[in-house]
Amino acid sequence: MAQIKIYGIKEALNPIKEQLSDVIHSAVVDAFQYPSDKRFHRFFPMNQEDFIFAHDRSEAYTIIEISVFEGRTTEAKKYLIQLLFQRINDLGIAPQDLEITIFETPKQNWGIRGVPGDELLLNYKVNI
């Protein structure tokens, strides 16, 4: 399971939402061997006055928060981060303007389709 939140200034984020979602999803599929039909993205386009960041970032500054079941190896997580930096750069968001956080929680801390996550039958591996 991966739930992804994307934050940015609305004037920069809104025009690229669909492309950014495709790029993020492709990286998750490749790095975590995630099913291509599972996409859960939420965009938070913000007014500039509500999104405060350091002066050395541009208007393209974007934060990506990824919540997943625990179990992926350090290598898989680093690979995901590497893919995101590479592929998102092609959309005009430089590595200087991108921050990524991966939050891992035990499966039993999730509730999905009426059951705790550790009782859910998955069609993909978490321990990769």
Side-chain angles (χ1 to χ4, degrees):
M1 192 64 173
Q3 293 282 342
I4 301 173
K5 298 177 188 176
I6 303 101
Y7 301 87
I9 294 176
K10 66 181 177 182
E11 289 80 9
L13 188 57
N14 282 338
I16 63 166
K17 274 188 208 177
E18 187 174 333
Q19 297 150 303
L20 185 54
S21 178
D22 289 344
V23 166
I24 292 168
H25 188 62
S26 74
V28 171
V29 167
D30 290 348
F32 285 177
Q33 301 170 18
Y34 199 67
S36 61
D37 64 334
K38 304 269 187 197
R39 186 186 308 208
F40 302 97
H41 298 176
R42 293 180 304 278
F43 284 86
F44 296 86
M46 303 179 76
N47 293 323
Q48 190 162 4
E49 64 269 14
D50 296 325
F51 195 40
I52 310 301
F53 49 84
H55 70 280
D56 62 344
R57 304 301 197 278
S58 79
E59 302 295 312
Y61 179 64
T62 304
I63 297 173
I64 299 173
E65 296 178 350
I66 303 168
S67 297
V68 294
F69 293 153
E70 66 183 357
R72 274 74 179 202
T73 63
T74 297
E75 293 78 18
K77 291 179 277 189
K78 285 184 174 186
Y79 185 48
L80 173 60
I81 290 169
Q82 175 188 20
L83 288 177
L84 288 168
F85 277 120
Q86 289 172 354
R87 294 177 185 180
I88 291 173
N89 191 45
D90 292 341
L91 295 179
I93 300 173
Q96 175 72 14
D97 283 326
L98 181 60
E99 293 187 13
I100 303 158
T101 307
I102 300 172
F103 297 95
E104 294 181 289
T105 55
K107 290 181 192 175
Q108 68 268 17
N109 289 3
W110 292 65
I112 303 168
R113 296 191 304 263
V115 297
D118 61 342
E119 297 176 16
L120 195 62
L121 297 176
L122 301 175
N123 63 346
Y124 60 93
K125 294 184 211 175
V126 173
N127 296 331
I128 59 163

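All values below were derived from every heavy atom in this structure, side-chain atoms included, with hydrogens, water molecules and symmetry-related copies excluded.
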### Partner of I64 by side chain to side chain contact (heavy atoms under 4.5 Å, CB included), out of I102, T101, L98
L98
### Message
Any salt bridge linking D22 with R39? Criterion: basic side-chain nitrogen under 4.0 Å from a carboxylate oxygen.
### Response
yes
### Task
Starting at CD1 of I24, measure out to CD1 of I6 and round the result to the nearest 0.5 Å.
4.0 Å
### Query
Okay, side chain of Y79, backbone of A27: is any donor-acceptor separation there less than 3.5 Å?
no
### Task
State the OH-CD distance between Y61 and Q96, to the nearest 0.5 angstrom.
9.5 Å
### Message
Any non-hydrogen side-chain atom of L84 less than 4.5 Å from a side-chain atom of I66?
### Response
yes
### Atom pair NZ/CZ of K5 and F43 - distance to nearest 0.5 Å
14.0 Å
### Message
When you compare the side chain of P95 with that of N89, does any pair of heavy atoms fall below 4.5 Å?
### Response
yes
### Note: R42-E65 ion pair, threshold 4.0 Å (strictly below)
no
### Task
List the atom of V29, the atom of S36, and the distance in Å for their closest heavy-atom pair.
CG2-CA, 4.0 Å
### Nearest-0.5 Å distance, OG of residue S21 to CD1 of residue I4
8.0 Å
### Enclosure of K78 NZ (heavy-atom neighbours >12, cutoff 6.0 Å)
no
### Task
Evaluate the criterion side chain to side chain donor-acceptor pair (under 3.5 Å) for residue pair Q48 and E59; output intermediate values, then yes/no.
CA-CA 9 Å; Q48 190 162 4; E59 302 295 312; 3.0 Å; yes
### Task
Please check if the side chain of R87 supplies one atom and the backbone of S26 the other of a donor-acceptor pair under 3.5 Å.
yes
### Query
For the atom pair NZ (K17) and NZ (K10), what is the distance rounded to the nearest 0.5 Å?
10.5 Å
### Query
With a 4.5 Å limit on heavy-atom distance, are the side chains of L13 and L20 in contact?
yes
### Query
Can you name the closest pair of heavy atoms from A60 and G92 and give their distance?
CB-O, 4.4 Å
### Query
Do the charged groups of K107 and E70 touch, with an N to O distance under 4.0 Å?
no
### Query
Under 4.5 Å between any side-chain heavy atoms of Q108 and E119, yes or no?
no
### Task
Take the angle between the ring planes of Y7 and F44 and call it parallel below 30°, perpendicular above 60°, tilted in between.
parallel
### Message
Do I100 and I63 make a side-chain contact, defined as non-hydrogen atoms from C-beta onward lying under 4.5 Å apart?
### Response
no
### Task
Heavy atoms only: give me the nearest V68-F32 pair and the separation to one decimal.
CG1-CE1, 4.1 Å
### Task
Taking all heavy atoms of R113 and all of L121, pick out the closest pair and write down the distance.
NH2-O, 4.1 Å
### Query
Are side-chain heavy atoms of D118 and F69 found at a separation under 4.5 Å?
no
### Message
If you count every heavy atom of other residues, nucleotides or ligands that lies below 6.0 Å from E49 atom CD, does the total exceed 12?
### Response
yes
